[in-house]
Number of protein chains: 2
Amino acid sequence: MDLIGTKWKPQVLFHLLEGPQRSGVLQQTMPGISNKMFTQTVRELEQDHLLTRTVYPVVPPHVEYELTALGQSIKLILCELDEWGKLEE
Amino acid sequence: MDLIGTKWKPQVLFHLLEGPQRSGVLQQTMPGISNKMFTQTVRELEQDHLLTRTVYPVVPPHVEYELTALGQSIKLILCELDEWGKLEE
DNA sequence: GCAAGTACTTACCAAACGGTAACTAAGTGA
DNA sequence: TCACTTAGTTACCGTTTGGTAAGTACTTGC
């Protein structure tokens, strides 16, 4: 599982730190990501057991993403990466 | 500067945490990296001001890579990533 | 019955990535 | 004179990546 080495995975995880988000909202927090990349990324993160995908059987569809305990465990790293990234601007 | 989002940059930095290394030795610590990728990676890290490249004018060539202060500043993150990576095996 | 709304999925295509292998450089020692 | 040594560059080419745009699904409200 290369968490690093991917462009979007860390960003998705970072945005989920504050709590569960529904699909569309989460995607909008990441300008520049395409529809295809977004679904691909969250699918992989789900396979990595870093987040859960909950589908509510309603119409129109409602899907929520939430960090697993494992996903939460990288909170510190993600925050530090964020902090460090800000220094370099 | 996307430090994450690349496969090799973090690895190069991690291996330099222990101190300066000469080119060939550093490359050998990373099995799987090709010659091309290695030079490309260190060149970019140099442009990012994360490491310095010192060329000793001798024959055969002797080149050393060393972290800059900026490079040192991500030590904590690299170590945590390493720790976390071990958990997931 | 028809559009709206949300979350995808797929086919197609261009661009980027990355590996291999051959090549350069230049002083030393046999 | 010639191979050895270390570091790096380059051309070529296959593979992977990733964007666009169109299509699927299904219920509610007009």
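First the proteins, then the strands, lettered A, B, ... as listed; each starts at 1.
- The nearest pair of heavy atoms linking B:Trp84 to A:Ile77 is CB-CD1, 4.0 Å.
- Inter-residue side-chain proximity for B:Glu80 and A:Leu76 is flagged as met; some heavy-atom pair is nearer than 4.5 Å.
- Under the 4.5 Å side-chain heavy-atom criterion for Ile, Leu, Val, Met, Phe, Trp and Tyr, A:Val25 and A:Val55 are members of distinct hydrophobic clusters.
- Between B:Tyr56 and C:dA26 there is no side-chain polar atom (N or O) within less than 4.0 angstrom of OP1 or OP2.
- One atom, OH of A:Tyr65, and another, C1' of C:dA7, lie 8 Å apart when rounded to the nearest Å.
- With A:Thr68 contributing its side chain and A:Leu50 its backbone, the two residues share a donor-acceptor pair below 3.5 Å.
- For B:Arg53, a side-chain nitrogen or oxygen approaches OP1 or OP2 of D:dG8 to under 4.0 Å.
- Atom CD of B:Glu44 is separated from atom P of D:dG8 by 14 Å (rounded to the nearest Å).
- In this entry the distance linking NE2 of B:His62 with P of C:dT28 reads 16 Å, nearest Å.
- For B:Pro60, counting side-chain heavy atoms from C-beta on, the closest listed nucleotide (C:dA7, D:dT6, C:dT9) is D:dT6.
- Rounded to whole Å, atom C1' of C:dT6 lies 13 Å from atom CD of A:Glu64.
- Residues A:Trp8 and A:Pro31 approach most closely at CH2-O, 4.2 Å, considering heavy atoms.
- B:Ser23 places no side-chain N or O within 3.5 Å of a backbone atom of B:Val63 that could act as its donor or acceptor partner.
- Within a heavy-atom distance below 4.0 Å of DNA chain D, the residues of residues 20-38 of chain A found are A:Ser34, A:Lys36, A:Met37.
- Checking B:Gln40 against A:Val59, the closest nucleotide of DNA chain D that is more toward the 5' end is the one next to B:Gln40.
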